[in-house]
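Here is the structure we will look at, set down as structure tokens.
Reminder, nothing fancy here: chain letters follow the sequence lines and each chain counts from 1.
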Amino acid sequence: MKKHRTRTSGSFLLRHLLLLTFLVITAYPLLWMVLAAFRLEGDAQMRPLALPTPWTWQNFAQVCRNGSFGDAYLNSLMLCSGSVLLSIALAAPAAFAFAQCRFRGRHALFMLFLLGMMIPVHVTLIPLNRLLGSGALNLKGSLWALVGPYVGFALPITMLILRGAFAALPRDLLDAGRIDGCSTWGIFRHIAMPIARPALATVVIFNFLTMWNEFAFALTLLGPGQTTIPLALSQFKGEHDVQITLVSAALSLVVVPLLIVYVFAQKHIIRGLTAGAVKE
Amino acid sequence: MAQVRLEHVGKVYPGNVRAVNDFNLTINDGEFMVMVGPSGCGKSTTLRMVAGLEEISEGTVTIGDRVVNDVLPKDRDIAMVFQNYALYPDKTVYENMAFCLKKRNFMPPANNDDAGFLGSLTSWWKNRQIKRAEIDRRVREAADILGINELLNRRPKALSGGQRQRVAVGRCIVRNPAVFLFDEPLSNLDAKMRVQMRTEISRLHNRLETTMIYVTHDQTEAMTMGDRIVVMKDGLIQQVATPADLYDSPKNIFVAGFIGTPPMNFFDARIAKVDGKLQIKEESFALDVPAAWQAKLEPYIDKKVVFGLRPEHVGSPSAEGIEHAPTIPAVVEVIEPMGSETYLYMKTGATGFIARVDPHRSCEVGDQLNLAVIMANGHVFDVDTTASII
Ligand SMILES: Nc1ncnc2c1ncn2[C@@H]1O[C@H](COP(=O)(O)OP(=O)(O)OP(=O)(O)O)[C@@H](O)[C@H]1O
Ligand SMILES: [Mg+2]
């Protein structure tokens with residue numbers, strides 16, 4: 001009995017030591033950034049590891065006074081949340097069909113979708129530039145120009161994850177839905193989607209993060225007046241130096257929506273949400 | 001309320017897997033029909049064809065007086081309980097039970113007397129309220145029947161296996177369907193719960209008097225619940241009969257061996273004619289055949305047969321009480337006292353068999369016994385066709 005207990009506490013200790021190390025590695029840069037955001041310029045250079053003396057809101061104030069950062073913030077919020085929603089609205093029904101409906105060429109078609117993941121993003125920069133700038137579309141320069149590429153590049157991974165989730169649905173559950181009077185769409189809407197919430201949360205987080213950080217498309221496709229966060233951040237870089245404290249303050253603000261999305265989505269990642277549906 | 005008729009029904013899965021073959025069965029209105037058979041014999045497939053979840057490859061299925069081959073599951077007026085319960089995990093018990101009612105128009109449309117946009121809007125609202133009240137009434141009624149009133153606001157995750165299966169049954173009751181379909185609903189429950197749910201479902205059947213088709217591989221469930229039982233093997237019906245008939249007069253060796261615990265004993269034997277009388281001869285024993293069997297066994301003289309004898313018909317108190325009963329000499333190998341009875345695992349020659357004896361009969365492993373046989377309850381089967389001769 002006693003032996004058993006010491007062994008568990010030993011593995012407990014080891015596990016938590018590992019987790020703690022990992023936590024320090026991930027959390028330290030974040031902590032450093034937040035602290036730096038509250039420092040004075042000189043303080044940051046003299047004593048980068050100590051607590052700020054004195055604490056100051058000056059950096060935040062300066063970032064907020066900078067009009068283009070606020071615009072970029074709003075732009076990014078609209079663009080990313082819209083694109084995330086659109087990518088899921090498009091990918092989820094398709095993923096369900098690929099997972100649960102039998103039709104000719106479904107495997108080949110799905111492979112074609114996955115091919116999208118193998119295309120390096122930057123290869124498409126020039127063609128996209130030409131396409132969006134062409135007379136017919138004429139989107140180049142506006143925020144709309146980014147929606148297509150963002151959603152398009154999010155689709156393969158979104159479909160992959162969601163198809164996995166939909167394919168794992170117990171057959172009996174879908175059959176029960178059919179007997180209860182659901183059409184295929186009804187099963188998707190009322191049974192599959194609620195159960196797939198953990199997978200949906202995963203793709204929401206993943207896609208939002210990717211889009212929030214996206215730089216290359218934003219740089220090439222947006223017009224002079226338009227900007228997103230990754231672009232706006234680069235302006236805090238002077239010609240010869242980086243204003244660490246300003247960049248830190250800006251970055252601290254940038255992280256906030258990510259945290260919110262994460263906390264919100266994580267609420268839905270309850271492990272084993274299907275628990276209770278069927279006996280495993 | 002409806003009769004269910006299956007005529008020449010067959011199922012061939014992709015890849016030429018034949019799961020069900022020329023299935024003919026009429027299930028009467030209000031009957032509790034149990035389908036039983038070993039794993040993979042096509043029970044679920046047959047049930048799913050009745051439910052409309054599986055395409056019918058051959059033949060016709062009729063529910064009531066409608067051929068339903070091309071009718072969608074939701075329009076077949078059936079409800080189904082699955083082995084895995086198949087409750088919607090994100091919905092409460094109440095929502096689980098109400099879901100199918102929300103999905104259909106089970107109410108006659110209220111007449112829309114005053115026309116106009118506002119009129120139709122109010123009547124739509126009124127209908128909605130009426131439908132809601134009706135759903136609520138039905139859900140609570142079903143919950144009452146099943147005793148799950150306190151669970152209505154819980155999610156399936158927070159229920160025990162027995163409670164989940166009750167909810168699954170409740171989901172069917174609210175529909176008020178013509179036919180209930182059960183696919184091994186109790187096989188995920190523990191032994192005690194299974195016995196309890198068994199009686200509960202039987203009681204439900206008595207109360208609702210709805211046609212029920214119940215699939216199981218557990219022959220105890222089949223025997224205790226069914227009005228009639230279909231025994232299946234390899235996609236073929238072996239026998240359809242009442243539990244008592246199935247037990248007393250199995251049509252072939254498979255049914256005889258499948259129904260009954262412990263199972264029937266089989267002996268490889270021969271029919272011999274000794275002094276003008278027929279005998280069933282095994283290596284280590286010979287049993288005189290009852291006069292009534294003579295005519296039927298006449299063609300089998302000097303041919304091999306299989307002699308079948310249930311454990312309670314050898315060595316039991318009623319057998320031992322018969323005067324001049326024929327006996328089988330055998331050695332006791334294992335003694336299994338069950339309390340109300342004792343099973344002896346015996347060996348005669350090279351053949352083992354089980355005898356159900358008086359619990360107070362004293363014997364020990366290694367004892368040589370002569371066990372009396374009730375010949376009138378024996379069975380004789382043809383070796384080649386496995387069909388029952390007697
Ligand atoms: N989708 C399918 N595709 C191909 N073959 C199938 C399919 N479903 C079932 N089968 C085959 O059909 C036969 C009958 O299966 P079925 O599920 O009806 O058996 P069962 O009697 O319900 O068995 P169990 O007691 O194990 O549930 C089996 O041999 C099985 O392998
Ligand atoms: Mg089955």
Using the test ring-ring contact (aromatic ring centres under 6.0 Å, His included), find all partners of B/F32 that sit at least two apart in sequence or belong to another chain.
B/H205, B/Y214

Is it the side chain or the backbone of [X] that comes within 4.5 Å of chain A heavy atoms, both, or neither?
| X | value |
| --- | --- |
| B/R48 | side chain |
| B/K91 | side chain |
| B/Q165 | neither |
| B/L101 | neither |
| B/L159 | neither |

Closer than 3.5 angstrom, by distance alone: can the side chain of A/Q100 be matched with the main-chain N or O of A/A97 as a donor-acceptor pair?
no

List the steps and the verdict of side chain to side chain donor-acceptor pair (under 3.5 Å) for B/R194 and B/Q196.
CA-CA 5 Å; B/R194 206 175 304 164; B/Q196 191 186 333; over 6 Å; no

Mind checking whether A/P257 and A/L77 have side chains closer than 4.5 Å, heavy atoms only?
yes

Cation-pi check, B/R171 onto B/F99 ring (under 6.0 Å, within 45° of axis)
no

